[in-house]
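Values below: all heavy atoms of this structure, side chains included; hydrogens, waters and symmetry mates excluded. Source: prediction; values computed, not measured.
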Amino acid sequence: MDVLKKINKKQFSSVYLLYGTESYMIQDIKQKILANALNEEDQDVNVSSYDLEETPIEDVVTDAETYPFFGERKIIIADKPVFMKAKPDKLPFDHNVDALQSYLSNPADYSILILTAPYEKLDERKKVIKLLKKQGEAVACEPVKEWNLDEWIQTLADQLHIHVPKELHELFIREIGTNLMVLQSEMEKLALNLGENGVVTKELAEEMLSHSAEASGLKLVDAVMERNLSRAIHLYKDLLRTNEDPIALTALLASQFRIIYQAKILKQKGYAPNQMRQYIQAHPYVIKMAMKREQYFTQIELEQIMNQLTETDQHIKQGRVEKNLAFELLLYQLINIKQASERIG
């Protein structure tokens with residue numbers, strides 16, 4: 001966000017390193033630099049793009065050092081700098097990294113060099129990366145955290161000139177997840193429907209937002225939690241219309257209930273939500289939702305539910321029962337476990 005604010009104020013660095021697996025963020029920052037640093041005419045002649053799996057870095061440096069033929073500034077984009085990885089990919093040529101390091105010590109003031117490294121990890125020990133972070137602007141483009149999504153929703157809404165009330169942010173997170181590319185696409189869809197300065201309502205969001213698999217799984221969990229069989233069947237029918245397979249849905253429910261079970265056990269042992277992330281392989285938002293739901297189930301109920309899910313999965317895969325019927329029966333059995341437990345209690 002800080003980098004975008006500087007770019008929007010036309011405060012540019014001579015060199016940018018955009019690294020990480022969040023492709024939306026990398027593309028967004030690149031586009032913002034292009035839009036703010038060059039007018040449309042200059043973009044046609046003063047932008048060069050290189051694939052560093054095909055072009056040596058010294059050729060890129062030579063381009064960056066060459067004065068632009070038209071205008072006062074040029075932009076050079078170089079993708080996939082494999083020499084920044086701990087184990088660089090083998091290429092038919094060697095990169096002269098010294099040439100880049102020499103350039104970084106005195107970059108041309110008429111060029112903006114953008115290096116995009118779509119890798120999960122870089123070798124932070126390498127001199128070239130240390131120089132990039134010292135002399136340029138290094139931006140970690142990692143998957144967005146749940147606690148940053150409010151700011152991203154607001155930023156995208158401002159860009160699209162629509163208003164998303166704060167109370168709807170959790171609905172967006174629940175339905176879409178944390179993929180910024182998907183979030184942007186869904187926001188654009190709403191903006192087209194609303195027009196400029198339109199306000200998103202809960203009804204419109206629920207109608208138009210595409211649903212993530214995790215969101216569907218949580219809704220089914222809630223239907224079981226509420227002992228609402230008709231809602232559970234209705235949700236299942238909706239998922240069938242989107243070509244979801246009962247085997248995959250069984251696995252999805254099992255995943256959600258497993259996280260709820262783990263959250264319950266860890267909570268009993270005194271773990272805080274942030275400590276649970278070390279043991280539960282799930283997004284913080286999913287853990288947060290599991291913490292809300294675990295209190296509605298006893299440990300015995302969750303164990304019985306997990307056993308029922310395992311049994312249904314085996315029956316479907318062994319062909320002992322037709323899979324659509326098996327899943328509907330599973331929903332009935334899960335709700336019955338909850339009801340039976342409450343009757344005994």
(message) So, applying side-chain hydrogen bond (donor to acceptor under 3.5 Å, both in side chains) with Glu294, which one of Gln268, Lys264, Gln299 is it?
(response) Lys264
Does any donor atom in the side chain of [X] or [Y] lie under 3.5 Å from an acceptor atom in the other side chain?
X      : Y      : answer
Glu311 : Asn307 : no
Asp79  : Thr116 : yes
Tyr103 : Glu65  : no

Do [X] and [Y] have side chains that approach each other closer than 4.5 Å (heavy atoms only, starting at C-beta)?
X      : Y      : value
Leu249 : Leu253 : no
Ile112 : Lys74  : no
Ile153 : Leu168 : no
Met289 : Val221 : no

(message) The criterion is side-chain contact (heavy atoms from CB on, under 4.5 Å); which residues satisfy it with Asp245, sequence neighbours excluded?
(response) Ile247, Ala248, Lys323
(message) Taking the ring of Tyr261 and the ring of Phe297, is the distance between their centroids below 6.0 Å?
(response) no
(request) Examine Tyr67 together with Tyr110 and report whether their ring centres are nearer than 6.0 Å. (result) yes
(message) Strictly below 4.0 Å, N to O, side chains only: are Asp51 and Lys80 in salt-bridge contact?
(response) yes
